[in-house]
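Position 1 is the first residue of the sequence; numbering continues from there.
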Amino acid sequence: MNRPTIKHGTSRRFRTPALLTLATLLAVAAPAPDADAKRARPAATTEATAPREAGEPIMAIVSIKGQRVTLYDSEGWIYRAPVSTGTTGRETPAGVFAVVEKDKDHRSTMYDDAWMPNMQRITWNGVALHGGPLPGYPASHGCVRMPYEFAEKLFDKTRIGMRVIVSPEDVEPADISHPVLFSPSAEALAAAPTRAETAVREAEQAAQAADEAKTAAAAAARAVKPLKDSLRKLERAKARAEAALKAADKVLVAAATDEAKAKAEERQQQAAQQLGEATTQLETAKADADAKHAAAAATKEAAKATAAKKAETAKLATDAKLAQEPVSIYISRATQKLYVRRNTRKPLPDGGELFDFSIEVPVTILDPERPIGTHIFTAMARNDAGLRWSTVTIESADNAKSALDRVTIPPEVLERIGPTALPRSSIIISDEPLSAETNYRTEFVAVLSDQPQGGFITRKPTSSDVPVASSDDWNDGGFGFFFQPREQRVPAQSRRGRYGEGYYRQPQDYYRQEQPGWW
């Protein structure tokens, strides 16, 4: 398909002299309070590539103020380019995201089939990075437009799960060290592949045993099902034999002649023999039924035990496999919870990949009523101490180190994921709750509640109609879909006295898996 030729960084404006004059008069006569701020444009950013061999991008930082995007690998920045973010009323939301889907030749389903080449989605309600025209100021419907050629170059270098940080200001990563940040064990990392292979093999064996036990239990249940009717027939036969014997006894008592007595005695003997045979048959059938019921109960209990073993080993196999993936932690002051997500690398039929979210626990935050800010800590590379970490702060109620000082991660979480933490792992600490956009096919999505979100909230949240897979269904090749509830609005906590009694988006507790099904 032929594409129109577009000159990057330019825009077309068609105004008649009369319209220009009228616009000027209106601007002078009634200037908006923030007119100067709206007209102010950031210093022009040109595309740049670091003067070294670039590694795989770990994070992208979009500066709304600077109208630029910068990509970082483990050693520092590697690519930089101008962007055009959302215009007034459709602002690109500031916050924490990750790439959840990539489409080389994407067409918008919201905006007249608009071409969005080399699209890298960061929310399922339509916010993405993609190639587009750059007029030199915010002009999109909420997406982040990049130069066409830059977007094409970037598309082949990133992967699903890459962190995308949208900041109101110009920020960049800074090195940091702190006891809270994971320091993995060399022994645990070396043992991880073997541990995963063993766990997967044991899970497969347990699954086979569970299937066999289930089959045996079903066969035993089928075997005992007709016993009830058989016993009822034998009981009726015994009852008839007892009645016949009683009738023979009466005839014998009533017999008046020797001949009648002889016939009555013969009839009595036959009835007694029939009763004995019926009694024996019933007792034998009862004993057989008791044995079969006991066997059925035993096979049923065995099936339950093997099913539990299957679930246990599947969970261990999942953990062992996920231990070989970077881990992300989100700590929310708003919900006082810690969430863990890891990419399963399992592709989904509707696009993107499945993220595991089986860990959600309460977390202790010192002085929980005091704002903490939003800080993203990223493991950039291995070093002698284990991992080298960086931090990016996009809202600084507290500085990054102080934020870490205030957090106590539960020991069981540290023991479970700390020893095998890998580069690209991250810990996010924020005042914000997770956005309702966070679901089974995203990493964390969190937006700054005090920043404009026009390009985000004008789109329909996926939480109202997107099926969510339970955390362990992917092991069995299924999804066990249930639906996320719609978000609710709750009063925002005052932060540094700036926000008053506003509102932020608070997702309901849709991580819990105890009750899969319809909510």
Can you tell me how far [atom2] of [Y] sits from [atom1] of [X], rounded to the nearest 0.5 angstrom?
X      : Y      : atom1 : atom2 : value
Glu56  : Arg159 : CD    : CZ    : 4.0 Å
Asp170 : Ile61  : CG    : CD1   : 10.5 Å
Ser396 : Asp398 : OG    : CG    : 9.0 Å
Leu322 : Asn343 : CG    : CG    : 9.0 Å
Lys153 : Thr158 : NZ    : OG1   : 12.5 Å
Leu134 : Arg68  : CG    : CZ    : 14.5 Å

Taking all atoms of both residues into account, what is the closest heavy-atom pair of [X] and [Y], and its distance?
X      : Y      : answer
Pro82  : Pro147 : O-CD, 3.1 Å
Val69  : Val83  : CG1-CG1, 3.5 Å
Ala128 : Cys143 : O-CB, 3.2 Å
Asn118 : Tyr148 : ND2-O, 4.4 Å
Pro433 : Ala446 : O-CB, 4.2 Å
Thr123 : Val100 : N-CG2, 4.4 Å

Practice item. Under the salt bridge (Lys or Arg N to Asp or Glu O under 4.0 Å) rule, collect the residues that match up with Glu169, sequence neighbours excluded. Key: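 For Glu169, the residues satisfying salt bridge (Lys or Arg N to Asp or Glu O under 4.0 Å) (neighbours in sequence not counted) are Lys65.
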Exercise for review: Would you please name every residue forming a salt bridge (Lys or Arg N to Asp or Glu O under 4.0 Å) with Arg163, sequence neighbours left out?
Suggested key: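 If we apply the salt bridge (Lys or Arg N to Asp or Glu O under 4.0 Å) test to Arg163, skipping adjacent residues, the hits are Glu443.
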Review point. Should Gln120 and Ile122 count as side-chain neighbours, where that means a heavy-atom distance under 4.5 Å?
Key: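 SC-SC contact between Gln120 and Ile122 ruled out.
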Any salt bridge between [X] and [Y], counting N to O under 4.0 Å?
X      : Y      : value
Arg345 : Glu325 : yes
Arg52  : Glu75  : no
Lys321 : Asp356 : no

Distance-only criterion, 3.5 Å: show the donor-acceptor pairs between side-chain atoms of residues 187-198 and protein atoms not counting sequence neighbours.
unit_1	atom_1	unit_2	atom_2	d
Glu187	OE1	Ser185	OG	3.0
Thr198	OG1	Thr194	O	3.0

Review point. Given the rule in the side-chain hydrogen bond (donor to acceptor under 3.5 Å, both in side chains) test, do Thr70 and Glu172 qualify, once you have shown the distances and angles that lead to the verdict?
Key: CA-CA 9 Å; Thr70 306; Glu172 60 183 23; over 6 Å; no
**Study point:** Aromatic plane relationship, Tyr79 with Phe150 - under 30° parallel, 30 to 60° tilted, over 60° perpendicular
**Key:**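 Judged by the thresholds at 30° and 60°, the geometry between Phe150 and Tyr79 is perpendicular.
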Review point. For Glu412, does the CD atom sit with more than 12 other heavy atoms under 6.0 Å from it, leaving out its own atoms?
Key: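 Result for CD/Glu412: enclosed.
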Exercise for review: Go through His375 and Thr393 one step at a time and tell me if the side-chain hydrogen bond (donor to acceptor under 3.5 Å, both in side chains) criterion holds.
Suggested key: CA-CA 4 Å; His375 315 271; Thr393 295; 2.8 Å; yes
